[in-house]
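Single-structure report; data block below.
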Amino acid sequence: MISPFHITAKDPNSKARAGKLYTKHGVVNTPVFMPVATQGSVKALNDDDLRNVGVECLLSNTYHLYLRPGTELLKKMGGLHNFMKWDRSILTDSGGFQVHSLSHLRKITEEGVWFKSHHDGSKHFFTPENVLDYEQAIGSDIWTCLDVLMPNTAHKTDLRKALEITKRWAERARKHYDTLVPQQKITAHKDGSFKVDNNLFFGIIQGSIYADLRADAAKHMASLDTHGFCIGGLSVGETLEEMNTAVEAVVPHLPEEKPRYLMGLGTPIEMLHCIERGVDMFDCVWPTRVARNGQVMTSEGKFNIKNTQFRTEDKPLDPNCDCFVCQKYSRAYLSHLYRAGELTSHRLISIHNIRFLTRTMELAREHIKNGTYMAFKEEMCAKYK
RNA sequence: GGUUGGGUGGCUGAGCGGUCAAAAGCAACGGUCUGUAAAACCGUCGGGCGUGCCCUACAUAGGUUCGAAUCCUAUCCCAACCA
């Protein structure tokens with residue numbers, strides 16, 4: 001399949017590249033950070049907030065939307081885009097992460113996975129096929145396939161077994177995609193842009209922290225002819241070195257012209273390391289969850305607005321930030337809002353944190369174009385410890 | 001003025017003779033957070049050091065007792081009701 005992805009620049013000193021991924025809902029400039037809207041909402045924010053900080057793609061979640069409000073309702077409401085009034089791109093997680101995070105409520109079989117709803121205990125069965133059906137009902141631009149994510153502390157034998165299931169599920173999902181989207185409606189233009197009229201399909205590469213498993217998974221996924229690749233099973237407690245090793249094992253086996261998306265990342269430093277190794281897309285709850293707990297990400301490093309010193313500081317969260325929160329409000333005011341339990345503090349800090357990451361991605365793209373990516377990365381890593 | 005019930009750590013509030021440096025919650029102080037079961041969670045929270053002990057503490061001052069936040073007396077406050 002043609003991937004509607006156009007690489008616009010490559011860094012001469014690393015595997016970093018800048019590009020444009022086209023979807024039914026517009027262009028996503030890569031490297032990209034996608035905030036997480038699990039239940040059809042980036043917590044504390046609405047669609048305008050997200051557009052204003054330069055978000056081009058959101059991640060949402062099939063498992064959560066399937067349980068509530070239900071994929072039938074979403075279909076009736078014209079899909080998630082119309083439901084939440086978000087007119088840019090959406091990528092959906094298959095629910096594979098919930099196979100992991102809600103593992104005490106599930107049972108994996110060759111056919112699929114039995115889940116107990118975390119809301120009411122009701123039983124549900126997910127298969128690689130019906131998950132794609134649900135993603136179609138949701139109407140997301142990029143569909144991911146059902147996978148099995150294991151803790152990387154698991155025994156390698158079990159990890160290999162889980163990977164084999166993930167591979168077979170990917171094959172089934174890939175086949176099912178062809179029945180849901182029998183004809184590709186992707187037109188390539190001369191200038192490198194694309195017109196896209198169908199939903200895209202990304203496979204997920206597992207294999208934990210083991211280079212051999214990762215390489216095997218990557219080769220297999222490359223053979224399935226998808227629009228792009230997810231690297232899953234990372235950012236679950238492994239070290240930065242282990243993560244780098246896993247990425248380095250995967251990337252050489254993936255076709256250059258298709259996007260690579262590392263699921264669940266992350267902190268600015270981790271993303272910069274992955275970009276250097278050829279990753280294009282990221283998502284993470286980090287900036288928003290941490291914001292609701294008071295942590296602020298800035299160009300000078302992180303701090304927590306809960307700490308005493310910020311009660312009286314009459315300066316913006318980040319003097320180098322262009323978000324409206326930093327243009328208008330003092331640290332003292334945000335400290336007050338947080339202490340007073342005012343919900344606005346969650347919104348304002350979330351907006352700032354997301355802007356910090358989208359801005360970091362903008363800078364990364366510029367530096368890739370200028371061939372100065374590695375210097376930029378080193379400088380950021382030194383500042384952001 | 002009288003009657004009754006009270007005064008406990010920054011606050012609210014348990015305890016009502018030893019196991020009490022005193023439950024719990026809040027506030028405060030610090031930390032954690034990675035395809036969100038999170039406006040969550042975890043520490044610390046009288047002082048000192050040799051970390052086990054010592055010192056200072058349950059309105060104030062006396063007293064009873066081997067031992068008192070807990071019982072008695074007086075004083076000072078507070079609340080409700082009655083004059």
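No experiment lies behind these values; they were computed from the predicted model shown. Throughout, a chain's letter reflects where its sequence line sits, starting with A, and its residues are numbered from 1.
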**Prompt:** Strictly under 6.0 Å, is that where the ring centroids of Tyr177(A) and His227(A) end up?
**Reply:**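 Distance test on ring centres: under 6.0 Å, yes.
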
**Request:** Please find out if less than 6.0 Å separates the ring center of Tyr134(A) from that of Tyr66(A).
**Result:**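 Yes, close enough.
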
Hydrogens and angles aside, do [X] and [Y] bring a side-chain donor and acceptor to less than 3.5 Å of each other?
{"X": "His25(A)", "Y": "Ser89(A)", "value": "no"}
{"X": "Thr267(A)", "Y": "Glu270(A)", "value": "yes"}
{"X": "His176(A)", "Y": "Asp133(A)", "value": "yes"}

Counting any heavy atom closer than 4.0 Å, what does [X] reach on the DNA or RNA strands: base, sugar-phosphate only, or nothing?
{"X": "His119(A)", "answer": "nothing"}
{"X": "Ile204(A)", "answer": "base"}
{"X": "Leu343(A)", "answer": "base"}
{"X": "Gly233(A)", "answer": "base"}
{"X": "Gln206(A)", "answer": "base"}

In whole Å, what separates the [atom1] atom of [N] from that of [M]?
{"N": "U12(B)", "M": "G31(B)", "atom1": "P", "result": "29 Å"}
{"N": "G5(B)", "M": "G43(B)", "atom1": "P", "result": "42 Å"}
{"N": "C20(B)", "M": "G46(B)", "atom1": "C1'", "result": "14 Å"}
{"N": "A59(B)", "M": "G7(B)", "atom1": "P", "result": "8 Å"}
{"N": "G9(B)", "M": "A22(B)", "atom1": "P", "result": "15 Å"}
{"N": "G25(B)", "M": "U34(B)", "atom1": "P", "result": "25 Å"}
{"N": "C76(B)", "M": "G62(B)", "atom1": "C1'", "result": "15 Å"}
{"N": "A24(B)", "M": "U56(B)", "atom1": "P", "result": "26 Å"}

Going by purine N1 to pyrimidine N3 plus the second Watson-Crick contact, or the G-U wobble pair, all under 3.5 Å, which nucleotide sits opposite [N]?
{"N": "A83(B)", "result": "none"}
{"N": "U44(B)", "result": "A28(B)"}
{"N": "A22(B)", "result": "none"}
{"N": "C76(B)", "result": "G7(B)"}
{"N": "U51(B)", "result": "none"}

**Connected-component partners of Tyr261(A) among ILVMFWY, side-chain separation under 4.5 Å** =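 Hydrophobic cluster check, Tyr261(A): joined to Ile2(A), Phe5(A), Ile7(A), Leu21(A), Tyr22(A), Val27(A), Val28(A), Val32(A), Met34(A), Val36(A), Leu59(A), Leu91(A), Ile142(A), Ile186(A), Phe194(A), Val196(A), Leu200(A), Phe202(A), Ile204(A), Met263(A), Met281(A), Val285(A).
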
**Prompt:** Counting only heavy atoms not in Lys76(A), do more than 12 sit closer than 6.0 Å to its NZ atom?
**Reply:**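 It does not: Lys76(A) NZ has 12 such atoms or fewer within range.
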
**Asked** Any donor-acceptor pair under 3.5 Å linking the side chain of Asn61(A) with the backbone of Asp93(A)?
**Response**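 Pair absent, no side-chain N/O of Asn61(A) close to backbone of Asp93(A).
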
**Message:** Please determine whether a side-chain nitrogen of the Lys or Arg among Glu56(A) and Arg51(A) lies less than 4.0 Å from a carboxylate oxygen of the Asp or Glu.
**Reply:**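 Looking at Arg51(A) together with Glu56(A), the answer is no, because their closest N to O distance does not fall below 4.0 Å.
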
**Request:** Before accepting this row, confirm whether a basic side-chain N of the pair Lys161(A)/Glu164(A) lies closer than 4.0 Å to the acidic partner's carboxylate O.
**Result:**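 No, no charged N to carboxylate O under 4.0 Å.
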
**Message:** Using heavy-atom distances to pick each residue's nearest nucleotide on RNA chain B, tell me which of Arg339(A) and His346(A) is more 5'.
**Reply:**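 Whichever sits nearer the 5' end wins; that is Arg339(A).
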
**Asked** What residues in residues 281-313 of chain A put a non-hydrogen atom under 4.0 Å from any atom of RNA chain B?
**Response**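 Going residue by residue through residues 281-313 of chain A, the ones with a heavy atom under 4.0 Å of RNA chain B turn out to be Asp283(A), Cys284(A), Val285(A), Trp286(A), Thr288(A), Arg289(A), Val290(A), Arg292(A), Asn293(A), Gln295(A), Lys306(A), Asn307(A), Thr308(A), Arg311(A).
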
**Asked** Of all nucleotides in RNA chain B with an atom under 4.0 Å from a non-hydrogen atom of chain A, which is the first and which the last going 5' to 3'?
**Response**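 Here the contact window of chain A covers A28(B) to A40(B).
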
